[in-house]
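What you see below is based on every heavy atom in this structure, not just the backbone, and it leaves out hydrogens, waters and symmetry mates. Order of appearance sets the numbers: ligands from 1, and atoms from 1 within every ligand. Because the structure is a prediction, the values reported are computed rather than measured. Count residues from 1 along the sequence.
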Amino acid sequence: MNKKTDFTESQIAILKETEQYVSGLLSNESTGHDWHHIERVRSMARFLAQSEKGDSFIIEMAALLHDVDDPKITQSGDSHRVQDFLSRLGLDPATQDTINEIIDSLSFSSNLQGKKETRIEGKIVQDADRLDALGAIGIARTFAYGGRKNRLIYDGSTDDQSSVAHFYQKLFLLKDLMNTNTASKIATERTLFMRQYMEQFLKEWNLSIDLNKEVSK
Ligand code: NI
């Protein structure tokens, strides 16, 4: 079990309400950003916070809400569900702003444009979210997302729009973008596993091409 946190009664109630809100929204989500992803990110963020510290309540709230306005899910670049939800909860404005800012800077693409998490709470949640894009689960999520977007599994090039290309264009780069040392260690292990997976994948792919040449001789 997780060690006891020092949440107040009202924080516990708010976290429960947030869980219900997010699980209701994302339980049937099929691009790999479902409620189980949120739970994994939250647990990983808790784990990272053990060594990195930070405000546990902010970390948990940001982890729970981090994908609610993601354009991958909402299909719109202009969704304010988090903001609306937070103001309905009646949290103090400073806490609302902090959670909003963290979520805003969170996505991989916004970070590539130079937007960085500056608070430790944001760094932790960002690392936890990125770690869930790696390893065995990362592989599953990549192909699930690709399928949902009508992408090919592979197109014979790592420079294309396929799911396999995504490993080379984004996923293998993530381990060098981790904010915390703990996440960086986990990312290195998970990336190694993905590299091994990709090696086997390409071996099988190329073998089938060779066999095909044999057959057509
Ligand atoms: Ni996420």
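- Listed by chain and residue number, the protein N/O/S atoms under 2.8 Å of the Ni ion (ligand 1) are His37 NE2, His66 NE2, Asp67 OD2, Asp129 OD1, with waters left out.
- With hydrogens and angles disregarded, a donor-acceptor distance shorter than 3.5 Å links the side chain of Glu121 to the backbone of Asp55.
- Under the 3.5 Å distance criterion, with hydrogens and angles disregarded, a donor-acceptor pair is assigned to the side chains of Asp92 and Thr95.
- Defined by atom type and a distance below 3.5 Å, a donor-acceptor pair is missing between the side-chain atoms of Ser27 and Glu29.
- Centroid-to-centroid, the aromatic rings of His33 and His66 stay 6.0 Å apart or farther.
- Closest of all the heavy-atom pairs between Ala45 and Ala128 is N-CB, 3.6 Å.
- Judged as a salt bridge (charged side-chain N to carboxylate O under 4.0 Å, His left out), not a single pair has a partner in residues 142-163 (not counting sequence neighbours).
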